[in-house]
Each structure stands twice: as structure tokens, then as C-alpha cells.
Number of protein chains: 2
Amino acid sequence: MGNKTATDLLTVGSDRSPSRAREDYVKAIYQLGGGAPVRAAAVARYLNVSRVSVSKAKRLLEGDGLLESEPAPAKPLRLSHKGRALAVAMVRRHRLLETFLHRSLDVPLERVHAEAERIEHVISDDLASRIAAFLGRPSSDPHGHPIPYDDATAAGAALPTLASVAVGACVVVVSLDDRDDEAVGALAAAGVLPGATVRVERNDTAQMRVRCGKRTVSLNRHHAAMVRIAT
Amino acid sequence: MGNKTATDLLTVGSDRSPSRAREDYVKAIYQLGGGAPVRAAAVARYLNVSRVSVSKAKRLLEGDGLLESEPAPAKPLRLSHKGRALAVAMVRRHRLLETFLHRSLDVPLERVHAEAERIEHVISDDLASRIAAFLGRPSSDPHGHPIPYDDATAAGAALPTLASVAVGACVVVVSLDDRDDEAVGALAAAGVLPGATVRVERNDTAQMRVRCGKRTVSLNRHHAAMVRIAT
DNA sequence: GGTTAGCGTTAGCCATGGGTAACAAGACTG
DNA sequence: CAGTCTTGTTACCCATGGCTAACGCTAACC
């Protein structure tokens, strides 16, 4: 490529376009509540913005028909049908992009999320379909999350995490939380990936020990908490 | 895919993020001038914005070190070294994306430009490199424009257009102007694509007639003007 | 030489996205 | 029950991107 890292040639602080911000709010509400109403403060924390910004965004989103907030005393943010459809579409695009970036372009697992996070706001539905077809309609992304092909909300109950597993137990890795790049990098390096079988050998200090295939690896507990597992 | 065209779920007017706008200005200045200074009014027309917006953008771009506008009486906008590097990077990304969208995802030629136009602002240099590698470092995009792999400005003189060719002459199509979707669609349908050999059979009215391979097709002169040719 | 057209700039307005400071109300905690 | 969070909202402020109106200047054109 060129001699300069051109990405650094222009760095503007926020870089929030109107639709990008709105889509982020909708996605956050959806991912926090899984369809159920969510508190504005939770959204603020999730997106690292002030409560005020959420409050203002609320009005705009209502104007767009994406939100159906109850009248006077009721606080929680609730997505409208339209809002939910948008959220699911965003999740679909995100996961398809992650899969494509990882499988076809060899982007390291821990960088896939950030890249998809930006691209998901600018691709058309048609393009998302084409990517899905190109990949053979994969059922899950590289972090182990299912890809929703229709708007049927398949939220699913939260699974336990690897950090909560008792010593001696043998579990199967289901998914990694892609929001934590550092954890994903460490886990991928350790071979703790969706589908892997893992036996917990020690789990008392900040570092747990885990047997993964032929290797015994040491895992930061915080990182282990990013791993959803099944028995 | 889902039942709703989720792209329509949110439609915000301008959708100009800070970096997007700046990158568009830089690209416009570059493409209009090919490295040479450009008049602000020309940029305004090219981007469909007011002269005032260009004037304000000028100051911001100077602040970013992307523009080196002369002091008092001199008017034209001139890109700095950094600005030129960014412009070339944008062109590179754009053309790589177009190539990928067309070759790998089968996006119709006339839709490739618009899609790339949005994505080019959000992908990293690393991703652009990976796309280039994935495609085998193609030398030109599907419209026939060269892909610049280094920052050496290979502007190249403007070639004549198909509309200016005398009857009876036989020419080779070099490139199509991807900014005109309608023309690109019509030309692609007619088989007038980069690399094709074309003989002009009539060129007097608004519709010219052209022999392209085994077919004789009728071409709108305006569309023919979007075709750059060589002998 | 005067008129006219085009150009760049300033002043002022709007929307969006983000931020503090401050406050009233509800929800916990003691 | 009092005290302390927490929460949502309001009132302002800032930056960006875009707009129109208006002005001064230059450069053509008669």
C-alpha cells in the first residue's frame, strides 16, 4: 500500500454522522434489553455518552418512529416495531461483516469488531444480502454469535461464563464478547474459540488455568468472563 | 434477508460526518485539479454545495494541514502534501472497493460507485491492503480507471470521448465515468465496456450508432461523452 | 469606460451531536 | 425518617456542516 498510513491523515474527534448516531442508539437499546425496555442511563453508560445526550436522542428517535417511549412517569426506552427491525438489521450486517472480514480477508479476530462497527452503518441491505450469499449464509459469526436472517428476535437466555465454571468441569465455548478487543485477542491466542472444549484446572486467583486441546493456558479472569459456555 | 428493506428504516438527510465531508472536499479538489490548484467555485459545483460551504471548509482543511492556500489575493485551493496523500488514498480505496464489489459480490456496474463512495470513508488502510491482496492487486477498477498503489500521482492527460469520434473510426474503450450511474448502466447494457473495440457508424444526431462486437447499438450522445477512448 | 457576470467572504440562521451545571423526583440505605 | 444515590430533564455552550443574503472585487464584454 502507500507509504503513509493514510488513515491517520485525517482524524476527527467524534465522527458521528446523523444516521450513525441514531443507529448506535437503536442497537444499544436492542442489545441491552433484548427487546425489553431499557433505562436511558444504561444506554448512556453503554455508549459512553452523557445521560443528557441520550435524553436528547430520545426525542429525535421518537420523531423518527424508532422509539415508543411511554408518556409521563414511565421512563424506559422501548423500541418500536420499526426500531427493532432496524436493530436486527444492524446486528445482521455487523455479524455478516465480521464473518466476511475474518474468513475472506483474514482480519485478526480481535480487530474484526471495530472494523465492522464502522462499515455496518454505510452498506445497503442489498450488499448485506450479497455478502451473505458470498459466504454461503453462515449461521454464526466468528465470535460464535448467531446471524439473524429474519426479523424474528432470537434473543436467547444469557449463558454462564467461563469465569464461573468450577474446577474440573469440562465445557464447550459458545461465544466471545466481541466488544472487548483485548480479551478476544488473548482468548484467540490461547485457542479458546467457539466450539473448543475446555477443562478448568484452576480457578481461584486472578489468573485461572485452563486445558484447551493439548495446551494448558493461563487466563485472566476478566478475559474468561467474556466467554459464554455450555456443558 | 429480512422482510423489510432496513436501509429505508432510517433516512437522514445529509448524513455528513466530519471526516466524510473533509475527505470529500479533498477528493474533489484532487480530482478536479489532478494536483494543480482548483477554484473554490468549481469545487462547490462538483460537490453540489454552496460557495460559502467551500469557503468555510477551506479554513477547516487548512487547520487540518490538508490545504495550503496562498495568502491574500491568490484564490485557488491547493492540496498540501498530506492532502494529496489522503486524496490518493481515497481514490485507491474507492477503486479497490469498486473492483471488489463488482468482481466478488456481483454488484451491477452502475451501482458500484455509490456503494464504494460511502464505504471508502470508513475502512482502514489495513483493510484496503487486504482487499487489494484478496483481489490479486488489480491494476484497474471495473470502469477502467487505474488503481494507484503508491502516492505517486499518475494523473494522466484526459483522453477524448466516444462522442467526439468521427464516423467510420474504430476505437478502444478505456474507461467510463463512474459518476454517471445512468450512463454506466446504459453503456454496460450495450456492451461498451473497458477493453471493448467500437466502430462508430453514425454520429450526427442525439443518438449515435455504434458497432460493438457483433451488435450494433444506439447510444445517447450524453452517455457516449462519458466514455474515454484510445485509438 | 461602463455594465455585467462570476468569485470569495462575511454575517447570520438552522439542525445535529456532544458536553456541564443544576434541579426535581424517585429509590435505596442507614 | 433523614440522607444519599441515581435518574431524567432543562438551560446553556461548543463544533461541524449546510444554507441564504449581501458585499466588494475582478474580469470579461460591449
Side-chain angles (χ1 to χ4, degrees), chain A residues 10-29 32-33 36-78 117-118 121-122, chain B residues 10-29 32-33 36-79 86 117-118 121-122:
Chain A
L10 213 197
T11 308
V12 181
S14 52
D15 202 3
R16 276 128 156 38
S17 68
S19 75
R20 158 112 207 225
R22 282 164 164 79
E23 286 173 352
D24 280 342
Y25 280 115
V26 168
K27 222 178 78 173
I29 294 168
L32 284 173
V38 179
R39 308 224 62 177
V43 175
R45 280 186 295 264
Y46 188 81
L47 292 179
N48 282 306
V49 295
S50 67
R51 292 195 311 272
V52 181
S53 295
V54 177
S55 187
K56 287 199 291 187
K58 184 184 165 188
R59 239 167 312 161
L60 294 173
L61 292 173
E62 281 166 7
D64 292 340
L66 297 167
L67 226 52
E68 277 179 352
S69 295
E70 8 266 277
K75 316 284 182 54
L77 305 179
R78 204 179 61 220
E117 193 78 7
R118 280 175 286 122
H121 301 287
V122 300
Chain B
L10 213 198
T11 308
V12 181
S14 53
D15 201 2
R16 279 147 140 28
S17 70
S19 76
R20 158 111 208 226
R22 284 164 164 76
E23 286 173 352
D24 279 343
Y25 279 116
V26 168
K27 222 178 80 172
I29 295 169
L32 283 172
V38 178
R39 308 224 64 177
V43 174
R45 281 187 293 264
Y46 188 80
L47 291 179
N48 281 307
V49 295
S50 67
R51 294 194 312 270
V52 180
S53 295
V54 177
S55 188
K56 284 203 292 189
K58 184 183 166 187
R59 239 168 312 159
L60 294 173
L61 292 173
E62 281 165 7
D64 292 338
L66 296 168
L67 226 52
E68 277 180 350
S69 295
E70 10 266 277
K75 317 287 182 53
L77 305 179
R78 203 177 63 219
L79 292 175
L86 177 59
E117 192 79 6
R118 280 176 286 124
H121 300 287
V122 301

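In what follows, chains carry the letters A, B, and so on, assigned in the order in which the sequence lines appear, proteins first and then strands, with residues in each chain numbered from 1.
Note that CG of L66(B) is 12.0 Å distant from CG of L77(B), once rounded to the nearest 0.5 Å. Separating the CG atom in L32(B) from the CG atom in L47(B) is a distance of 7.5 Å, to the nearest 0.5 Å. Here the NE2-CZ distance, from H121(B) to R118(A), works out to 13.0 Å after rounding to the nearest 0.5 Å.
Closest approach of R51(A) and A41(A) over heavy atoms only: CD-CB, 4.1 Å.
D24(A) comes within 4.0 angstrom of no nucleic acid atom, judged by non-hydrogen atoms across all strands. Among the heavy atoms of the strands lying under 4.0 Å from V52(A) is at least one base atom, whether or not backbone atoms are also near.
Mapping R45(B) and R59(B) onto DNA chain C by nearest heavy atom places R45(B) at the nucleotide closer to the 5' end. Mapping V54(A) and S50(B) onto DNA chain D via the closest heavy atom, the residue that lands nearer the 5' end is V54(A).
Rounded to whole Å, atom C1' of dG17(C) lies 15 Å from atom CD of E23(A). Counting to the nearest Å, the C1' atom of dT7(D) and the OH atom of Y46(A) are 21 Å from each other. The separation between L66(A) atom CG and dT16(C) atom P is 13 Å, rounded to whole Å.
Remark: R51(B) is not in phosphate contact with dT9(C), judged by side-chain N or O atoms under 4.0 Å from OP1 or OP2. Taking only side-chain nitrogens and oxygens, Y25(B) comes nearer than 4.0 Å to OP1 or OP2 of dG18(D). The side chain of R20(A) contributes no N or O atom lying less than 4.0 Å from OP1 or OP2 of dG17(C). Contact between the side-chain N/O atoms of S55(B) and the OP1/OP2 oxygens of dT10(C) is not found at any separation under 4.0 Å.
In the set dG18(C), dC7(C), dT16(D), dG18(C) carries the atom at the smallest distance from any side-chain atom of S53(A). Distances from the side chain of K58(B) to the nucleotides dA22(C), dG17(D), dG8(C) place dG8(C) closest. When the nucleotides dC7(C), dG8(D), dT20(D) are ranked by their closest atom to the side chain of R39(B), dC7(C) comes out on top. When distances run from any side-chain atom of L60(A) to the nucleotides dC19(D), dG17(C), dG17(D), the shortest one goes to dG17(C).
In this structure, K58(B) and V54(B) have side chains that are not in contact, with every pair of non-hydrogen atoms separated by 4.5 Å or more.
For dG17(C), its base never sits under 3.5 Å from the side chain of K56(A) at any donor and acceptor pair.
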